[in-house]
Amino acid sequence: MEDVGCKPTLITYNVILNVYGKMGMPWNKMVGLVDRMKTAGIALDSYTYNTLTSCCRRGNLYEEAAEVLKEMKLMGFSPDKVTYNALLDVYGKSRRSKEAMVVLQEMEGNGFPPSIVTYNSLISAYARDGLLEEALELKNQMVEKGIKPDVFTYTTLLSGFEKAGNDEAAVQIFEEMRNEGCKPNICTFNALIKMHGNRGKLTEMMKVFEDIKTCQCSPDIVTWNALLAVFGQNGMDSEVSGVFKEMKRAGFVPERDTFNTLISAYSRCGSFDQAMAVYKSMLDAGVTPDLSTYNAVLAALARGGLRSQSEKVLAEMKDGRCKPN
């Protein structure tokens, strides 16, 4: 462009920054482009600063986002709703719940009422930090301000309580969700499957699996892997095989996580030959083993007392440049 005497403008640079962000370019590339703008005497505008802040979402670059905001204010630009929501998303993904609350207060103080996107970012941040009572309070604040929680709100809370082992609270959230007419999605069902499965409540787990179909949802790879893992933990090898067949009938091609789950599942069931057959089929399918694969295979061989094969797999692991932990 410059070679033919056509100089980039502010719009040009803003478009390139936006494209860089969508491509997930490294932060130093973004900064390099901004430095070129400044060297060329092109002043950044609010769109530039908002684009930079949004780009910080992908790498959880909360310190960089704070620096962008600081410079934005120094240059006389006032943050808008786009700025604040991007910042909240960055802080949420970076598990910086205290900083997020400061941004929320500033946002409201400057006349920008938070939206459902705002609250969901904050609830997600608190849930990741295990601050579930605070996350629940934020949900209540939403309702008080006339903002109706959506499937993301409820599923985030449900998953948080499930991971914390608070099944009663998770079920209450699900019941409230249903009572409010909010339709569950596959992520909601997956959280319930994991909750019941990890507690050994297999009847309840399979009821949730059936509910997926009645709610016009379809199981995803996470659903299938969760079922395989639960049946494996409970030593139910025929159920493991049945789920795997049903998964393939549904058109799912096993990926590495599925193979790893299957190897572990058969190993826990005492079906060591089956575990090794899955490992072989994984290699035949051209799927590269990772550390979890090797650990699962070695655990299966150790349970089966197959020492010589363990040494062979350990050698394969080292040859494949996968460092044992």
Worked check of side-chain contact (heavy atoms from CB on, under 4.5 Å) between M282 and T288 | CA-CA 8 Å; M282 176 182 183; T288 305; over 6 Å; no
Could you go step by step and tell me if W224 and E246 meet the side-chain contact (heavy atoms from CB on, under 4.5 Å) rule?
-> CA-CA 9 Å; W224 295 114; E246 193 174 342; 3.7 Å; yes
Take S292 and N295 through the test side chain to side chain donor-acceptor pair (under 3.5 Å) and record every step on the way to the result.
-> CA-CA 5 Å; S292 296; N295 285 345; 5.9 Å; no
Passes side-chain contact (heavy atoms from CB on, under 4.5 Å), Y266 versus S241? Steps please.
-> CA-CA 9 Å; Y266 281 125; S241 298; 2.6 Å; yes
From CA spacing to verdict: side-chain contact (heavy atoms from CB on, under 4.5 Å), F112, D80 | CA-CA 8 Å; F112 295 104; D80 58 17; 4.2 Å; yes
Begin from the C-alpha positions of E176 and K139 and carry the test salt bridge (Lys or Arg N to Asp or Glu O under 4.0 Å) through to its verdict.
-> CA-CA 12 Å; E176 181 185 327; K139 190 268 294 179; 2.8 Å; yes
Would you sort out whether E71 and K38 count as a salt bridge (Lys or Arg N to Asp or Glu O under 4.0 Å), showing the intermediate values?
-> CA-CA 13 Å; E71 183 181 324; K38 292 175 180 176; 3.1 Å; yes
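Distance check, rounded to the nearest 0.5 Å: CG of D237 to OG of S267 gives 12.0 Å. Distance NZ/K163 to NZ/K194: 6.5 Å, rounded to 0.5 Å. Considering OG1 of T83 and CG of L52, their distance stands at 11.0 Å, rounded to 0.5 Å. Going from atom CZ of F259 over to atom OH of Y279 covers 12.0 Å, rounded to the nearest 0.5 Å. From L132, atom CG reaches atom OG1 of T156 across 11.0 Å, with rounding to the nearest 0.5 Å. Put simply, OG1 on T48 and CE on M75 are 10.5 Å apart, with the number rounded to the nearest 0.5 Å.
Enclosure of atom CD in E210 by more than 12 non-hydrogen atoms of other residues, nucleotides or ligands within 6.0 angstrom is indicated. Atom NZ of K81 has more than 12 heavy atoms from other residues, nucleotides or ligands within 6.0 Å. Counting non-hydrogen atoms of other residues, nucleotides and ligands closer than 6.0 Å to CD1 of I11 gives a total of 12 or fewer. Within a 6.0 Å sphere centred on NZ of K145, other residues, nucleotides and ligands contribute more than 12 heavy atoms. Counting non-hydrogen atoms of other residues, nucleotides and ligands closer than 6.0 Å to CG of D273 gives a total of 12 or fewer.
Under the 3.5 Å distance criterion, with hydrogens and angles disregarded, no donor-acceptor pair is assigned to the side chains of T261 and T258. There is no side-chain donor-acceptor pair under 3.5 Å between Y91 and S121. Side-chain N/O atoms of T155 and T188 include a donor and acceptor closer than 3.5 Å. For the residue pair T223 / D220, a side-chain donor-acceptor distance below 3.5 Å is found, with atom types taken as modelled. Residues N18 and T51 bring no donor and acceptor atom of their side chains to less than 3.5 Å of each other. Between the side chains of T53 and N50, not a single donor N or O lies within less than 3.5 Å of an accepting N or O. Donor-acceptor pairing under 3.5 Å is lacking for the side chains of S264 and R268. If you check the side chains of T293 and N260, you find a donor sitting under 3.5 Å from an acceptor.
The two residues P149 and M142 come nearest to each other via the heavy atoms CA-CE, 3.7 Å. Of all heavy-atom pairs between M247 and P254, the closest is CE-CA, 4.0 Å. For the pair L69 and P79, the tightest heavy-atom approach, listed with the atom from each and the gap, is CD1-CG, 3.6 Å. Closest approach of R178 to C215, counting heavy atoms only: NH2-SG, 3.8 Å. Nearest heavy atom pair, residue L104 against residue P114, reads CD1-CB, 3.8 Å. Between P289 and L283, the closest heavy-atom pair is CG-CD2, 3.5 Å.
At a threshold of 4.5 Å between side-chain heavy atoms, the hydrophobic network of Ile, Leu, Val, Met, Phe, Trp and Tyr places V117 and L122 in one connected group. In the hydrophobic cluster analysis, where Ile, Leu, Val, Met, Phe, Trp and Tyr join through side-chain heavy atoms closer than 4.5 angstrom, V143 is grouped apart from Y126. Note: the hydrophobic cluster containing Y84 does not contain Y47 (ILVMFWY, side chain heavy atoms under 4.5 Å, direct or indirect links). Taking hydrophobic clusters as Ile, Leu, Val, Met, Phe, Trp and Tyr residues chained together by side-chain heavy-atom distances below 4.5 Å, M236 shares a cluster with V208. Hydrophobic clustering, with ILVMFWY side chains joined whenever heavy atoms are under 4.5 angstrom apart, keeps M177 apart from F152.
Side-chain atoms of R256 do not come within 3.5 Å of backbone N or O of V287 as any donor-acceptor pair. The closest donor-acceptor contact from the side chain of D89 to the backbone of N85 lies at 3.5 Å or more, if one exists at all.
Annotation: W27 is not in aromatic contact with Y20 [ring centroid separation under 6.0 Å not met].
Counting heavy atoms from C-beta outward, E134 and I123 have side chains that stay 4.5 Å or more apart. Side-chain contact between I147 and S115 is absent, with no heavy-atom pair separated by less than 4.5 Å. No side-chain heavy atom of V171 sits under 4.5 Å from any side-chain heavy atom of L158. The side-chain heavy atoms of R199 and D167, taken from C-beta on, include a pair separated by under 4.5 Å. A 4.5 Å side-chain heavy-atom check between L202 and V230 finds at least one atom pair inside the cut-off. Annotation: side chain of E162 is in contact with side chain of N198 (closest heavy-atom distance under 4.5 Å). Annotation: side chain of Y119 is not in contact with side chain of T153 (no heavy-atom distance under 4.5 Å). Residues V240 and L227 fail the side-chain proximity criterion, which asks for heavy atoms closer than 4.5 Å.
The aromatic rings of F77 and Y49 sit tilted, their planes meeting at an angle between 30° and 60°.
Cation-pi check for R96 over Y62 is met; the charged atom lies under 6.0 angstrom from the ring centroid and within 45 degrees of its normal.
For E106, the salt bridge (Lys or Arg N to Asp or Glu O under 4.0 Å) partners are K73, not counting sequence neighbours.
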